Q: 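Have a look at this one before I ask anything.
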2 protein chains.
Amino acid sequence: MTAKRPKAPRGTSHPDTPADSGSSLDGRKIPAAVIKRLSLYARALQELERQQAEKVSSSELSRLLGFTSAQVRKDLAYFGQFGVPGFGYPVGDLRRNLRRILGTDRELQVALVGVGHLGTALLSYGGFTRQGFRIVCAFDKEVSAPRIGAAGIPVYHIDELEKRLAEHAIGFAILTVSSEAAQAVANRLIAAGISAILNFVPVRLQTPEHVKIHYVDLALEMESLSFYTR
Amino acid sequence: MTAKRPKAPRGTSHPDTPADSGSSLDGRKIPAAVIKRLSLYARALQELERQQAEKVSSSELSRLLGFTSAQVRKDLAYFGQFGVPGFGYPVGDLRRNLRRILGTDRELQVALVGVGHLGTALLSYGGFTRQGFRIVCAFDKEVSAPRIGAAGIPVYHIDELEKRLAEHAIGFAILTVSSEAAQAVANRLIAAGISAILNFVPVRLQTPEHVKIHYVDLALEMESLSFYTR
DNA sequence: TAGATTGTTAATCGATTAACAATC
DNA sequence: TAGATTGTTAATCGATTAACAATC
């Protein structure tokens with residue numbers, strides 16, 4: 001008996017949708033921000049390991065990354081007791097643990113959909129590969145016959161999507177299609193059993209609970225920067 | 001009289017660096033998250049304007065974007081009174097106001113430094129242009145003579161950085177160089193008077209207070225997605 | 001006027017930080 | 001042991017949400 005909600009979009013049928021953030025791990029709720037920092041810790045640890053450091057304290061880590069030491073300790077404590085009081089954290093051990101927690105200790109199979117300018121660049125972008133993400137294949141609607149694209153990655157016609165995803169047991173997709181195609185392609189990915197999408201399309205997508213989606217919105221990043229420069 | 005801090009990095013000399021977030025506008029502190037949402041409102045309004053909508057309520061906007069209506073009203077109220085009680089917000093007016101507030105009502109001159117895979121893609125990425133950002137020129141250390149790069153944008157040798165930035169009154173930079181070069185290039189950009197950097201390099205940069213910097217870390221986005229898929 | 005929706009204050013929720021007992 | 005640093009609880013801070021008087 002509140003408002004009348006003229007044309008509610010599919011899925012959300014509530015008057016107000018509170019923002020979700022974070023996911024649970026064996027009961028406790030882990031804030032999304034913690035996960036992002038976990039990746040940063042893992043990266044810093046990688047560098048420390050390269051420098052043959054044996055141990056690191058929460059305050060050293062915090063200085064390296066610009067957080068407080070309490071935050072470092074608290075973040076890590078979500079997942080277990082990795083430190084030694086009076087000593088700090090063993091670098092190699094902690095790094096191994098973080099990689100296991102993040103799931104980056106094994107290679108992850110990824111598909112990319114939409115081989116335009118941005119898609120092509122991401123195919124050859126070294127940053128993903130370096131962190132253990134393997135873009136196995138790509139799809140585009142403009143490709144008539146399979147061809148080899150940037151970085152030697154095969155590009156198939158979008159019609160082969162379901163077949164190839166199953167073939168390579170791909171659980172991850174990078175979405176770089178047009179705004180118009182985004183929802184339809186996402187639906188197909190989800191139906192094909194994908195579990196996470198990294199979405200570069202500036203469109204809010206309807207996805208079921210169990211599919212995790214992250215938005216990377218380049219124009220939005222620029223716009224908010226723009227605000228600060230006056 | 002706490003820890004001894006062996007080798008403190010330049011710049012930060014405090015034991016713990018609390019995370020900044022947000023910036024002030026005539027006294028009041030505006031959370032960074034508000035600014036991001038402002039961009040989303042502006043974009044939704046653009047679409048509503050295209051559909052010839054004359055008015056929009058906070059609850060319609062909230063449904064479109066997945067927030068609560070209270071949040072929409074509160075965010076907008078930071079900057080003024082744009083709505084009419086019992087009616088809603090006039091679409092065109094609100095959009096104009098938001099664009100003015102974000103600074104996207106005028107074209108913004110941008111330089112891109114580091115014309116590798118990612119850099120090249122961003123040169124031809126339509127998303128920036130569409131939102132009024134104009135990549136005026138690019139720089140790379142591997143370019144001996146000026147040449148025309150992707151999307152017809154001139155690419156100069158990095159040595160011409162200072163000269164060209166001044167020439168075109170560029171206040172914005174996109175950073176897509178290597179991790180090794182990042183800090184040095186950032187220093188030059190800052191010395192040349194740039195006021196904001198969109199940084200794609202996965203390295204924490206030391207920047208003075210008055211230079212705004214945003215990090216876009218693609219590998220990190222993937223890694224945190226990876227966490228949720230087990 | 002009656003109905004709807006704003007702008008804003010107060011209540012709630014969640015995340016960050018400080019502090020310190022436990023412990024190596 | 002003395003010194004250092006963890007893991008964790010309590011205090012603080014900030015952001016989101018609910019509620020409602022003001023107002024078109």
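Chain identifiers are assigned alphabetically (A, B, ...) following the order of the sequence lines, protein sequences preceding nucleic acid strands; residue numbering begins at 1 within each chain. What you see is a predicted model; the values in this text were computed from it and never measured.
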Q: Is it the case that more than 12 heavy atoms not belonging to Arg130(B) sit under 6.0 Å from its CZ atom?
A: no
Q: Rounded to whole angstroms, how far apart are OH on Tyr78(A) and C1' on dT16(C)?
A: 10 Å
Q: With sequence neighbours left out, what residues match Arg204(A) under salt bridge (Lys or Arg N to Asp or Glu O under 4.0 Å)?
A: none
Q: Could you list the residues that satisfy side-chain contact (heavy atoms from CB on, under 4.5 Å) with Asn97(B), not counting sequence neighbours?
A: Phe82(B), Arg100(B)
Q: Counting side-chain heavy atoms from CB outward, which of dG7(C), dG7(D), dT17(D) is closest to Ala77(B)?
A: dG7(C)
Q: Could you list all the side chain to side chain donor-acceptor pair (under 3.5 Å) pairs where at least one residue sits in residues 185-199 of chain B, not counting sequence neighbours?
A: Glu162(B)-Arg188(B), Gln183(B)-Asn187(B)
Q: Look at the side chain of Arg37(B) and decide which nucleotide, out of dT8(D), dT6(D), dT16(D), has an atom nearest to it.
A: dT16(D)
Q: How many whole angstroms separate atom NZ of Lys55(B) from atom P of dG3(C)?
A: 16 Å
Q: Starting at CD of Gln71(B) and ending at C1' of dG14(C), how long is that distance when rounded to a whole Å?
A: 14 Å
Q: Side chain of Ser58(B): nearest nucleotide among dT16(C), dT17(D), dT6(C)?
A: dT6(C)
Q: Check the distance between dT6(D)'s C1' and Phe79(A)'s CZ and give it to me in whole angstrom.
A: 18 Å
Q: Using the closest heavy atom to pick a nucleotide of DNA chain C for each, name whichever of Arg73(A) or Val56(B) lands nearer the 5' end.
A: Val56(B)
Q: Starting from P on dC20(D), measure out to NZ on Lys74(B) and report it in whole angstrom.
A: 17 Å
Q: What's the CZ-C1' distance between Phe67(B) and dT16(D), to the nearest Å?
A: 12 Å
Q: Under a 3.5 Å cutoff on both atom distances, Watson-Crick or G-U, what's the dot-bracket for DNA chain D ([ ] crossing, | other strand)?
A: ..||||||||||||||||||||||
Q: With side-chain contact (heavy atoms from CB on, under 4.5 Å) as the criterion, how do Tyr78(A) and Leu38(A) come out once you've worked through the C-alpha distance, each side chain's angles and the decisive distance to 0.1 Å?
A: CA-CA 11 Å; Tyr78(A) 273 105; Leu38(A) 233 50; over 6 Å; no
Q: Arg50(B): what forms a salt bridge (Lys or Arg N to Asp or Glu O under 4.0 Å) with it, not counting sequence neighbours?
A: Glu47(B)
Q: Could you give the CG-to-P distance, from Asn97(B) to dT6(C), as a whole number of Å?
A: 15 Å
Q: Check salt bridge (Lys or Arg N to Asp or Glu O under 4.0 Å) between Asp105(A) and all other residues, then give those that pass, not counting sequence neighbours.
A: none
Q: List in chain and number order the residues that pass side-chain contact (heavy atoms from CB on, under 4.5 Å) with Thr129(B), two or more places apart in sequence or in another chain; answer none if no residue qualifies.
A: none
Q: Could I get the full list of side-chain contact (heavy atoms from CB on, under 4.5 Å) partners for Val56(A), not counting sequence neighbours?
A: Leu45(A), Leu48(A), Glu60(A), Leu61(A), Tyr89(A), Val91(A)
Q: Taking the side chain of Tyr89(B) as heavy atoms from C-beta outward, which of dT6(C), dT16(C), dT8(C) is closest to it?
A: dT6(C)
Q: Between the protein and nucleotides 21-24 of chain D, list every N/O to N/O distance that falls short of 3.5 Å.
A:
residue	atom	partner	partner atom	Å
dC24(D)	O2	Pro85(B)	O	3.4

Q: Starting at CZ of Phe82(B) and ending at P of dG7(C), how long is that distance when rounded to a whole Å?
A: 9 Å
Q: Does dT16(D) have OP1 or OP2 under 4.0 Å away from a side-chain N or O of Thr68(B)?
A: no
